[in-house]
Structures are given as C-alpha cells and as structure tokens.
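A note on names: the letters A, B, ... follow the listed sequences, proteins ahead of strands, and every chain is numbered from 1. Note that the structure is predicted; figures quoted are calculated from it, not measured.
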Number of protein chains: 2
Amino acid sequence: MSQPDTKSRILDAAEGLFGSDGFHATSLRAITSRAGVNLAAVSYHFGSKEALLEAVFERRLIPLNALRLQRLNRVLAEARVAAHPPAAREVLRAFIEPMLEFRASEPGADAFSALIGRALADADETVRAAFLRHIQPVFLQLFEGLVEALPEQSREQLFWRLQFTLGSVSHTLCMAGRLRILPPGVDQGCDPEILSTELLSFVTAGMEAP
Amino acid sequence: MSQPDTKSRILDAAEGLFGSDGFHATSLRAITSRAGVNLAAVSYHFGSKEALLEAVFERRLIPLNALRLQRLNRVLAEARVAAHPPAAREVLRAFIEPMLEFRASEPGADAFSALIGRALADADETVRAAFLRHIQPVFLQLFEGLVEALPEQSREQLFWRLQFTLGSVSHTLCMAGRLRILPPGVDQGCDPEILSTELLSFVTAGMEAP
DNA sequence: GTCTATAGATTGATAGAC
DNA sequence: GTCTATCAATCTATAGAC
C-alpha cells in the first residue's frame with residue numbers, strides 16, 4: 001500500500017484547487033505545493049497547465065458520462081419495448097443522478113463537482129471547450145430522449161427548457177457549502193438524496209410545463 | 001455632445017471585458033487599452049482593480065435592484081389588498097423581467113448580463129462577495145414573496161427550489177451567443193421576449209411542482 | 001487629470017544536472 | 001523521474017514630471 005504516485009497526486013491537487021479557486025486563479029506552484037511534488041513534475045507528466053486540466057476532466061467525466069449514456073439508453077429502450085413514450089422524469093434522472101451520486105460518494109468529489117458546475121458558463125474558453133467536448137454526446141442524447149418523452153412540444157421549446165435545466169443542475173453542483181444568504185428558518189444542511197429528488201422534481205415540472 | 005469622460009470609458013471597457021473574459025483573466029492594461037486611456041487612470045479614478053469591479057456592479061445593480069424591489073412590493077401589496085396569496089408567477093416575474101428587459105435594452109448589456117450570470121457561482125471570492133452584497137435584499141424579499149405565494153410548501157423546500165430557479169436564471173444570462181452544441185432542427189436565435197416568457201413558465205412550474 | 005517609467009511580485013515553462 | 005535554477009512574460013500598483 002504505497003502512497004499514490006506523482007501523477008495521481010498532481011491530479012488530486014489540481015482537481016481540488018481548480019474546483020475551489022478556478023482554473024485561471026490556480027498556479028502550478030499552488031498545485032505542486034499541495035501535492036508535495038516538484039514544480040517541474042507537471043511539465044514532465046502532463047506537458048502544460050491546459051493539458052493538466054484536460055486530464056482532470058477525463059479522469060472523472062469518461063466513466064461518469066458512460067454511465068449516463070448507459071442509463072439513458074436503457075430508459076429509451078424500455079419505453080420502446082413498452083411502445084409508449086418514456087417518462088421525462090426518468091430521462092432527466094438518467095442524466096442527473098449519476099453526477100449527484102458521484103458527488104456524494106467520495107471525499108473531494110464536491111471540488112470536482114464545483115468545477116463541473118462552473119464549466120458550462122466559464123468565461124475561460126479553455127475550461128469551457130474542454131468541458132463541452134465531454135458533455136456533447138450526453139447532451140445530444142438527453143435532448144433526443146426529451147423529444148421522445150414530450151412529443152407535443154417543439155424542438156425549439158425543448159431546447160430552451162433543457163438549457164434552463166442545465167442551469168439548475170450546474171448551480172446545484174456549485175452551491176454546496178457556499179450558500180451565504182440564508183433566510184430565517186432555513187438551515188443550510190441538506191441530505192444529498194433529498195436534494196437530488198427535489199432537483200429532479202423541479203426540472204421535471206419545468207420541462208413538462210404547459 | 002462630447003465623448004464620454006475617462007471614468008465612464010473605463011467602466012464601459014471593464015464591464016465588457018469582465019463579462020466576456022472574466023474578472024481574473026482581464027488585465028488593467030486590456031481595460032485601459034480598450035478604453036483608450038492611460039493605465040494609471042484606473043488607480044486615479046477607482047483606486048484598485050477590485051474597486052473598479054465594485055463600481056461596475058454598482059452602476060447597473062443599484063437601479064436594477066431598486067426596480068425589482070419596487071415591482072416585488074407592488075405584487076405583494078396588491079395581493080394583500082385582494083386578501084389572497086400572490087401568484088408565484090408574478091412574484092418571479094418581478095425578479096426576472098427587469099434583468100431580461102435591461103439585457104435587451106442597450107448594446108453592451110449582454111456583457112454585463114454574462115458577468116452577473118456568472119457572479120453567483122464565481123470561484124473568485126472578490127466577484128462573488130461584491131455581487132452578493134447587492135443581491136441579498138432582493139433575494140430575501142423574493143424568498144418571502146414565494147413563502148406567501150406558496151404557503152403549502154415548507155420554507156426549506158421553497159429555499160432549495162429558489163436556488164434551482166437562480167441557477168436557471170443565471171445560466172440564461174450567460175449562455176446567449178455562446179451556445180456551441182445545437183441539436184439538429186434547433187436554431188440558436190431567440191426573441192428575448194419569448195425567452196423571458198419561456199424562462200418564467202419553466203421556473204414557475206418548478207416552484208409549484210407537487 | 002494625464003502621462004512615462006518602473007518597482008516588485010508572480011506566472012508558465014524549460015534547460016540541464018543527477 | 002526528480003530536482004535546482006532560471007528565463008521571459010505578465011501582472012497590479014505607484015512615484016513623480018507635466
């Protein structure tokens with residue numbers, strides 16, 4: 001049981017700092033210092049700061065998006081067998097639950113979660129483009145699933161509503177532990193499972209709105 | 001009809017660049033270069049980069065949030081006179097429409113719009129804190145309005161649903177003109193008024209979900 | 001108020017010894 | 001693979017002439 005190798009230590013440190021401070025505001029020195037490795041190790045193992053970011057995305061998003069696509073395809077296949085449209089809630093669940101489950105699963109996952117939640121709207125094109133490359137196939141499949149689930153709506157309308165949904169999901173991934181404004185009678189703590197159910201109910205109702 | 005003074009030119013340039021490139025990624029040199037003024041003018045007129053950001057927020061958010069509070073209070077007052085709860089849609093409209101109207105009103109407003117859409121989840125605490133200072137009273141009044149509109153829901157539940165709503169609104173402010181993934185049969189162009197109505201329908205249905 | 005010039009710190013990246 | 005040392009570029013901020 002040796003300690004993680006240099007490459008993994010850098011990935012872990014970068015994930016945490018990119019998530020909490022942002023890509024641009026995180027220096028390679030901050031990363032290697034947290035990882036306990038030499039500054040030059042980043043160049044040796046990854047080549048550049050951008051390539052490191054890409055590696056941080058890949059490590060989590062490849063398995064996560066594969067799981068999303070698998071669940072999405074199962075929901076659509078079952079609906080086809082039953083010869084009726086899939087439920088919008090189940091289509092959305094296939095997209096949302098894997099991310100929230102991952103987030104609740106391991107320590108440090110909330111940093112990656114915040115990174116992902118910010119990526120879609122990030123001002124930095126490096127971050128945004130790297131993220132879009134991974135999310136594109138999932139997004140397109142999710143959209144077609146919603147077209148099947150809600151055939152009475154136009155593609156245009158479904159597209160905008162899906163954008164609103166992505167906004168809710170992204171914000172949910174960012175906000176945990178960062179809520180500063182709490183009205184009286186509201187406690188910040190929230191069971192991840194309840195949050196997941198609430199989010200799913202919210203976006204399902206929004207997508208199905210008359 | 002002289003050209004805008006140095007202070008306004010700096011504000012305009014900063015607003016545009018903070019919106020498109022982000023606060024951290026925008027240098028004072030980029031701002032003064034776009035504004036056509038000397039680098040030292042920022043220190044003279046504002047004192048620091050952070051103070052400049054605060055001034056960029058203030059110029060737009062003080063009138064905008066005053067309008068939001070005014071509309072919000074009118075909706076709540078009318079409901080009190082009529083002795084029935086306000087409609088959730090009208091409460092949400094008082095919060096959402098002023099921003100989207102402003103955004104459609106003047107050129108350059110979409111840059112500020114993107115800045116605001118990103119601020120709530122920004123990794124940079126400078127940006128986030130400056131924004132929260134302005135949004136706090138509006139947020140608290142909006143929350144209490146929703147408590148009145150939807151009395152059958154707990155404060156906790158309303159709070160989370162309001163967070164999801166903020167996510168949708170924020171993302172809407174960010175995404176215009178930046179949508180990279182377009183499914184077949186979907187055109188990026190969208191009438192601002194239609195987008196506003198669609199967003200309002202989406203979040204109202206989400207807030208009212210069973 | 002506006003300018004030049006520069007201080008002082010930090011950045012990403014790399015050359016070359018071990 | 002890991003390290004030291006360093007380069008060249010960039011940043012915010014300011015001192016001081018006009």
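- Relative to the six-membered ring of B/F202, A/R161 misses at least one condition, a distance below 6.0 Å or an angle of at most 45° to the axis.
- With A/V203 as the partner, the side chain to side chain contact (heavy atoms under 4.5 Å, CB included) test is satisfied by one option alone out of A/L166, A/L162, A/T165: A/T165.
- For the residue pair B/S113 / B/R103, a side-chain donor-acceptor distance below 3.5 Å is found, with atom types taken as modelled.
- Taking atom CG on B/D5 and atom C1' on C/dG1, their separation rounds to 11 Å, with Å as the unit.
- Side-chain contact check for A/S201 and A/R89: at least one donor-acceptor pair (N or O, by modelled atom type) lies under 3.5 Å.
- An end-to-end axis angle of 10° holds for the helix from C/dG1-D/dC18 to C/dC18-D/dG1, taken from five base pairs per end and rounded to 10°.
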Full working for side chain to side chain contact (heavy atoms under 4.5 Å, CB included) between B/I31 and B/V37: CA-CA 9 Å; B/I31 293 168; B/V37 303; over 6 Å; no
Under the salt bridge (Lys or Arg N to Asp or Glu O under 4.0 Å) criterion, do B/K7 and B/D12 qualify, and how do the steps go? CA-CA 9 Å; B/K7 207 165 170 176; B/D12 290 339; over 6 Å; no
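- Seen from the ring of A/F23, A/K49 counts as a face-on cation partner, given the 6.0 Å and 45° thresholds.
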How does each nucleotide of nucleotides 4-18 of chain C score, in 5' to 3' order, for protein heavy atoms under 4.0 Å: base (B), sugar-phosphate only (S), or none (-)? B------BBBB----
B/Q141 vs B/N73, test: side chain to side chain contact (heavy atoms under 4.5 Å, CB included). Steps then yes/no. CA-CA 8 Å; B/Q141 185 75 342; B/N73 286 326; 2.5 Å; yes
